[in-house]
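Here the structure is laid out as structure tokens; the discussion comes afterwards.
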Amino acid sequence: MDVIELLESASLLVPEEVATENDLTVGDVWDHLAHDEWQIALNLLEELGDGHPLPLTFWERLAGAAEQLHLERSAAWCHWRCSEIRNGVIRADLTLRPVAESRRRTPISGHGELRPMWDIGNLSPTGDVTVSIARLWVEDMPFLEPGGRAAVRLVPLTPSHWRHVEAGRRISMHEDRTVAGTAVVTEVHLPL
């Protein structure tokens, strides 16, 4: 499919009653498509999808359109949303340890590249702490500096390890044996 076909087919998956905070709807998407404003239509569809759960196909089509338009950030976000649908998402408020207290000296990428280990309270059969891996997306920021704080989205590598995690739980991020950051879970949405 070409860009316009991908955007049109994605827009057909958005219920008519869904609107953004600014009361923009799928009708506005069609207006932008009619004027060949593909990037604006893509951005609006992303915004509509962020406010309302939409199927995997929606995000796959947006990812394809973003790739054809060479919009790397949008493509990465749409692929990320596909991962959330497949594996679930844990949202949390993360605080990284400052440089003086951790091994990390550089900012972490905010766009899903880091796959840190998390102590979420699981124990091995011998009673030792085990860690689980989850990809990390920093919301509304391109990167997070050591000592910084931000809302994050986690996509678990193994969703079943995270079934017991609930809002309010404190979890620890590790890049090695030391604690790199601490997060408080705000939402949990795992696949059934």
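Being a predicted model, the structure only gives us computed values, none of them experimental. Only this structure's heavy atoms are used, side chains among them; waters, hydrogens and symmetry mates stay out.
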* **Criterion side chain to side chain donor-acceptor pair (under 3.5 Å) on Thr20 and Asn22, from CA distance to verdict** => CA-CA 5 Å; Thr20 67; Asn22 298 326; 5.0 Å; no

* Got a donor-acceptor contact below 3.5 angstrom from the Asp28 side chain to the Thr25 backbone? -> yes

* Asked: Would a distance-only check, ignoring hydrogens and angles, find a side-chain to backbone donor-acceptor pair under 3.5 Å from Asp2 to Ile4?
  -> yes

* To do: For Thr106 and Arg104, test the side chains for any donor-to-acceptor distance below 3.5 angstrom and give the result as yes or no.
  => yes

* To do: Output yes when a side-chain donor or acceptor of Gln68 lies under 3.5 Å from a complementary backbone atom of Ala65, and no otherwise.
  => no

* Shortest non-hydrogen contact between Leu13 and Pro15, atoms and distance -> O-CD, 3.5 Å

* Would you confirm whether Asp93, through its side chain, and Val184, through its main-chain N or O, come within 3.5 Å as a donor-acceptor pair? => no

* **Glu60, CD: over 12 other non-hydrogen atoms inside 6.0 angstrom** => yes

* To do: Give the C-alpha distance, both sets of side-chain angles, the deciding distance and a yes or no for side-chain contact (heavy atoms from CB on, under 4.5 Å) between Ser11 and Leu45.
  => CA-CA 7 Å; Ser11 67; Leu45 283 167; 3.9 Å; yes

* **Distance-minimising heavy-atom pair for Asn87 and Pro156** => ND2-O, 3.1 Å

* To do: Please report the shortest heavy-atom distance between Gly49 and Leu54, naming the atom on each side.
  => CA-CD1, 3.6 Å

* State yes or no: do Leu48 and Leu62 share one hydrophobic cluster built from I, L, V, M, F, W and Y residues joined by side-chain heavy-atom distances below 4.5 Å, directly or via other members? => yes

* Go through the structure and list residues passing side chain to side chain donor-acceptor pair (under 3.5 Å) with Glu187, not counting sequence neighbours. => Arg91, His189

* hydrophobic_cluster_shared for Leu56 and Leu12, side chain cutoff 4.5 Å -> yes

* May I ask you to check whether over 12 heavy atoms, not counting those of Arg105, lie within 6.0 Å of atom CZ? => yes

* **4.5 Å side-chain heavy-atom contact, Leu123 and Val129** => yes

* Asked: Any donor and acceptor pair, going by atom type alone, linking the side chain of Asn122 with main-chain N or O of Ser132 inside 3.5 Å?
  -> no

* For Met117 against Asp176, the heavy-atom pair lying closest together -> CE-N, 3.9 Å

* **Glu5 atom CD: more than 12 heavy-atom contacts under 6.0 Å** => yes

* Carefully, step by step, assess Ile171 and Trp162 under the rule side-chain contact (heavy atoms from CB on, under 4.5 Å). => CA-CA 11 Å; Ile171 59 177; Trp162 296 74; 4.1 Å; yes

* Is the closest side-chain heavy-atom distance between Ile90 and Arg153 below 4.5 Å? -> no

* Structure fact -> Heavy-atom closest pair (Ala92 atom, Ala183 atom, distance to 0.1 Å) is CB-CB, 3.9 Å

* Check whether more than 12 heavy atoms from other residues, nucleotides or ligands sit under 6.0 Å from atom CG of Asp140, and answer yes or no. => no

* To do: List the steps, then state whether side-chain contact (heavy atoms from CB on, under 4.5 Å) holds for His174 with Val179.
  => CA-CA 5 Å; His174 296 262; Val179 174; 3.5 Å; yes

* Structure fact -> Nearest heavy-atom contact between Leu154 and Trp118 is CD2-CZ2, 3.5 Å

* Connected via hydrophobic side-chain network under 4.5 Å: Leu42 and Val29 -> yes

* Are Trp30 and Phe58 grouped together when hydrophobic residues (ILVMFWY) are joined by side-chain heavy atoms under 4.5 angstrom apart? -> yes

* Are Val18 and Ile40 connected in the hydrophobic side-chain network, where two residues link if heavy atoms are under 4.5 Å apart? -> no

* To do: Find the distance between CG (Asn43) and CD (Glu37) and round it off to the nearest 0.5 Å.
  => 11.5 Å

* With a 3.5 Å cut-off and no angle check, do the side chains of Arg135 and Ser83 form a donor-acceptor pair? -> yes

* Side-chain touch Pro191/Arg86, heavy atoms, less than 4.5 angstrom -> no

* Hey, what do you get for CH2 (Trp38) to CG (Leu7), rounding to the nearest 0.5 Å? -> 8.5 Å

* Does Thr178 reach the side chain of Glu101, with side-chain heavy atoms less than 4.5 Å apart? -> no

* Under 6.0 Å from the CZ atom of Arg170, do we count more than 12 heavy atoms belonging to anything else shown? -> no

* Asked: Salt bridge or not for Glu175 and Arg97, using N-O below 4.0 Å?
  -> no

* Does the side chain of Arg81 reach to within under 4.5 Å of the side chain of Asp50, using non-hydrogen atoms? -> yes

* Could you check if a side-chain atom of Leu94 sits within less than 4.5 angstrom of a side-chain atom of Leu96, using non-hydrogen atoms only? => yes

* Under 6.0 Å from the CD atom of Glu17, do we count more than 12 heavy atoms belonging to anything else shown? -> yes

* Can the ring centroids of Trp137 and His111 be said to lie less than 6.0 angstrom from one another? -> yes

